[in-house]
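We name chains A, B, ... by the order of the sequence lines, and we start the count at 1 in each one.
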There are 2 protein chains.
Amino acid sequence: MTTQLKNAIKVKQRSKKKDGARGKRGIDLQMVLRERIAKQEIAPGGKLREQELSTEFGVPRALVREVFCALEQRGLIERIPNRGAVVVRLDLSQVFEIYDLREVLEGLCARLATQNSSPESWQDMVDMFEGPMEEYVKRGDYESFLAGYGVFRRRLIEAAANPVLAGMLDSIYEKTQAIIRRIIILPGRAEHGLSEHRAVLAAMRRGDPEEAERLRRTNMRSGKDYLKRYQNFVLFGVSSQLRLLAMIRADVFG
Amino acid sequence: MTTQLKNAIKVKQRSKKKDGARGKRGIDLQMVLRERIAKQEIAPGGKLREQELSTEFGVPRALVREVFCALEQRGLIERIPNRGAVVVRLDLSQVFEIYDLREVLEGLCARLATQNSSPESWQDMVDMFEGPMEEYVKRGDYESFLAGYGVFRRRLIEAAANPVLAGMLDSIYEKTQAIIRRIIILPGRAEHGLSEHRAVLAAMRRGDPEEAERLRRTNMRSGKDYLKRYQNFVLFGVSSQLRLLAMIRADVFG
DNA sequence: GAAGACAATGTTGTCAACAATAAAACGTTT
DNA sequence: AAACGTTTTATTGTTGACAACATTGTCTTC
């Protein structure tokens with residue numbers, strides 16, 4: 001019976017190095033596909049063929065299949081019986097539903113983050129939103145703005161220290177990423193968002209969790225309102241850019 | 001090219017009947033396993049062998065594998081490289097994390113449900129919580145109480161009409177189900193819960209979404225507080241029943 | 001008698017071939 | 001020329017065998 005104990009020890013020692021190495025390829029493939037879907041490199045409704053991906057990435061078809069299973073659970077693709085996998089097409093109502101969810105989840109995230117960390121630790125974020133981010137908005141450099149926002153968001157999630165919450169936020173954020181890129185170019189949205197983020201950060205900087213949650217929620221809700229207002233232009237994309245410009249003029253000058 | 005059109009029409013006609021029939025076996029297996037895990041028929045840390053399930057249910061091993069993938073995504077099992085799948089073991093901190101989530105999600109659910117339905121439609125629930133449920137609590141019939149609560153909860157989710165929210169609530173509820181069965185037997189918890197549910201229902205009955213959300217959140221939070229108070233007894237189960245009884249006496253008479 | 005190497009066993013991961021299905025193309029009939 | 005049934009093709013779903021791996025038990029050595 002001593003051998004058993006000994007073996008158990010050996011296992012403990014070995015179990016660490018391999019932990020991360022496993023499904024590596026599978027995770028890689030999943031990440032690539034999630035990115036492609038988020039950036040709409042594969043259009044909504046587009047097909048994903050098993051063999052195609054299998055050969056492209058040099059992984060067994062069974063692995064592609066598993067990745068499909070994971071993506072299906074995340075709600076990014078839909079698998080129909082003998083027809084294969086297609087990227088899900090978000091309709092308007094679903095987007096609003098997701099915004100309702102983001103409202104409460106991001107709110108909770110802000111509250112937890114404020115509770116779990118010292119007020120001073122947010123100073124660098126305050127600085128970022130005072131300086132660089134303001135520049136990005138003025139210049140219309142939305143990519144940099146989004147990148148900065150991404151950093152802020154990840155800091156919040158990390159500080160909240162709630163893995164399940166983190167998973168949920170990830171899974172719905174990637175669904176709306178395509179939409180966000182269209183909202184942010186709307187007239188005044190970036191400026192509005194900037195000041196809202198500053199308000200949230202101010203509450204966090206002074207260590208007020210409840211207020212941070214409340215402000216984050218109104219932030220999300222205003223994003224939803226923007227979407228509601230300009231929904232036609234956001235959803236039907238490039239074809240309506242001209243009409244959008246006309247509407248902006250009417251909105252600003254009218 | 002007319003043939004193409006014709007075929008397309010044929011497809012539309014046929015596509016309905018088969019939609020639900022597909023992954024039926026897979027979904028079946030998934031449901032069975034989720035139930036077993038929720039009811040702790042498979043203990044936390046227990047192994048799930050692919051071949052074993054494959055033969056037991058008469059399904060191909062690949063299907064078992066897919067189900068495992070889905071369960072892993074839901075966070076019910078964990079798959080380690082070449083060792084197989086084990087039921088995840090919830091530690092205390094995770095349970096509290098999940099309660100934070102339930103607080104905001106069930107709150108949102110109550111708000112949406114109130115917004116989307118007429119106040120009168122909740123009358124039957126009010127009646128249930130006034131009459132039968134009170135009886136169950138008095139008799140200590142916790143199974144019936146839980147069943148009634150389950151009905152209420154499903155009505156809320158259905159009325160909220162937000163599929164993504166529904167999915168999230170399901171996925172975290174089944175994780176806590178085992179815990180809930182231990183909380184409800186705590187001194188005074190069922191009575192407390194009953195009056196809180198009544199308060200939520202009253203707000204819904206008079207069509208006040210914000211108040212319904214607020215009350216539902218305090219309801220969840222009080223559940224969390226109960227858990228925090230009696231955590232030692234809840235987590236370590238039967239072995240501490242005697243100590244629990246002693247504590248109840250101290251709590252009630254002391 | 002304990003420590004380490006080594007083979008034995010069972011389980012998962014991978015792969016390739018086959019069957020089932022659905023969409024499309026084709027040909028026939030009216 | 002349109003409607004219908006049949007065949008063809010492409011793709012997924014399934015099956016079984018095999019390889020890789022981890023764990024356990026045994027054996028040798030000190």
Side-chain angles (χ1 to χ4, degrees), chain A residues 1-30 42 45-72 77-87, chain B residues 1-30 42 45-72 77-87:
Chain A
M1 283 304 137
T2 53
T3 55
Q4 220 173 20
L5 235 79
K6 184 56 208 301
N7 283 328
I9 295 168
K10 263 197 274 188
V11 170
K12 291 289 175 193
Q13 290 170 339
R14 265 179 297 183
S15 64
K16 275 169 193 169
K17 64 185 172 193
K18 265 270 164 166
D19 259 314
R22 185 278 253 271
K24 203 168 177 249
R25 296 194 304 177
I27 298 294
D28 269 7
L29 175 56
Q30 190 182 339
I42 313 171
K47 284 178 192 170
L48 294 164
R49 263 169 282 274
E50 291 182 1
Q51 270 178 347
E52 200 173 292
L53 294 167
S54 163
T55 57
E56 180 182 345
F57 291 89
V59 296
R61 199 158 70 96
L63 192 56
V64 177
R65 196 161 252 276
E66 281 223 2
V67 172
F68 278 14
C69 179
L71 294 177
E72 185 183 25
I77 67 174
E78 189 181 1
R79 295 215 285 171
I80 11 191
N82 282 297
R83 305 221 302 140
V86 297
V87 178
Chain B
M1 283 304 138
T2 53
T3 55
Q4 218 173 24
L5 234 79
K6 184 58 205 306
N7 283 328
I9 295 169
K10 263 195 272 188
V11 171
K12 292 287 175 192
Q13 291 169 337
R14 264 179 297 183
S15 63
K16 275 169 193 170
K17 63 183 171 191
K18 266 269 165 168
D19 259 316
R22 184 282 252 266
K24 204 170 177 245
R25 297 192 305 175
I27 298 294
D28 268 7
L29 175 55
Q30 190 181 338
I42 313 172
K47 283 178 192 170
L48 294 164
R49 264 170 280 275
E50 292 183 0
Q51 269 179 347
E52 199 173 293
L53 295 168
S54 164
T55 56
E56 179 183 347
F57 291 89
V59 297
R61 200 159 68 97
L63 191 56
V64 178
R65 195 160 252 275
E66 284 223 359
V67 171
F68 278 14
C69 181
L71 294 177
E72 186 183 25
I77 67 175
E78 188 181 1
R79 294 215 285 171
I80 14 193
N82 282 298
R83 306 219 302 139
V86 297
V87 178

Salt bridge between E66(B) and R79(A), side-chain N to carboxylate O under 4.0 Å? yes
Measure CG/L53(A) against C1'/dT12(D) and give the value in whole Å, please. 14 Å
Residues in side-chain hydrogen bond (donor to acceptor under 3.5 Å, both in side chains) with E56(B), at least two apart? R36(B)
Sugar-phosphate, base or nothing in reach of R61(A), heavy atoms under 4.0 Å: base
Contact class for R49(A) (heavy atom, under 4.0 Å): base, sugar-phosphate, or nothing? sugar-phosphate
Listed partners of E78(B) passing side-chain hydrogen bond (donor to acceptor under 3.5 Å, both in side chains), at least two apart: none
N82(B) has an atom CG; how far is it from atom P of dC21(D), in whole Å? 7 Å
From NZ of K47(B) across to P of dT11(C) the rounded distance in Å is 9 Å
Counting only side-chain N and O atoms of R83(A), is one of them less than 4.0 Å from OP1 or OP2 of dA23(C)? yes
Just to be sure I understand the rule, does A62(A) reach a base, reach only the sugar-phosphate, or reach nothing, if contact means heavy atoms closer than 4.0 Å? nothing
Between T55(A) and Q51(A), is there a donor-acceptor pair closer than 3.5 Å when you use the side chain of the first and the backbone of the second? yes
Can you find a side chain N or O atom of R65(A) that sits less than 4.0 Å from OP1 or OP2 on dG13(D)? yes
For L63(A) and dA19(D), what is the distance between atoms CG and P respectively, to the nearest whole Å? 20 Å
Between P on dT12(C) and CD on E52(B), what's the gap in Å once rounded to a whole number? 9 Å
Could you state the CD-P distance from E50(A) to dT12(D), rounded to the nearest angstrom? 5 Å
What is the separation between atom CD1 on I80(B) and atom P on dG10(C), rounded to the nearest whole Å? 20 Å
Given atom CD of Q51(B) and atom C1' of dT14(D), what is their separation to the nearest angstrom? 16 Å
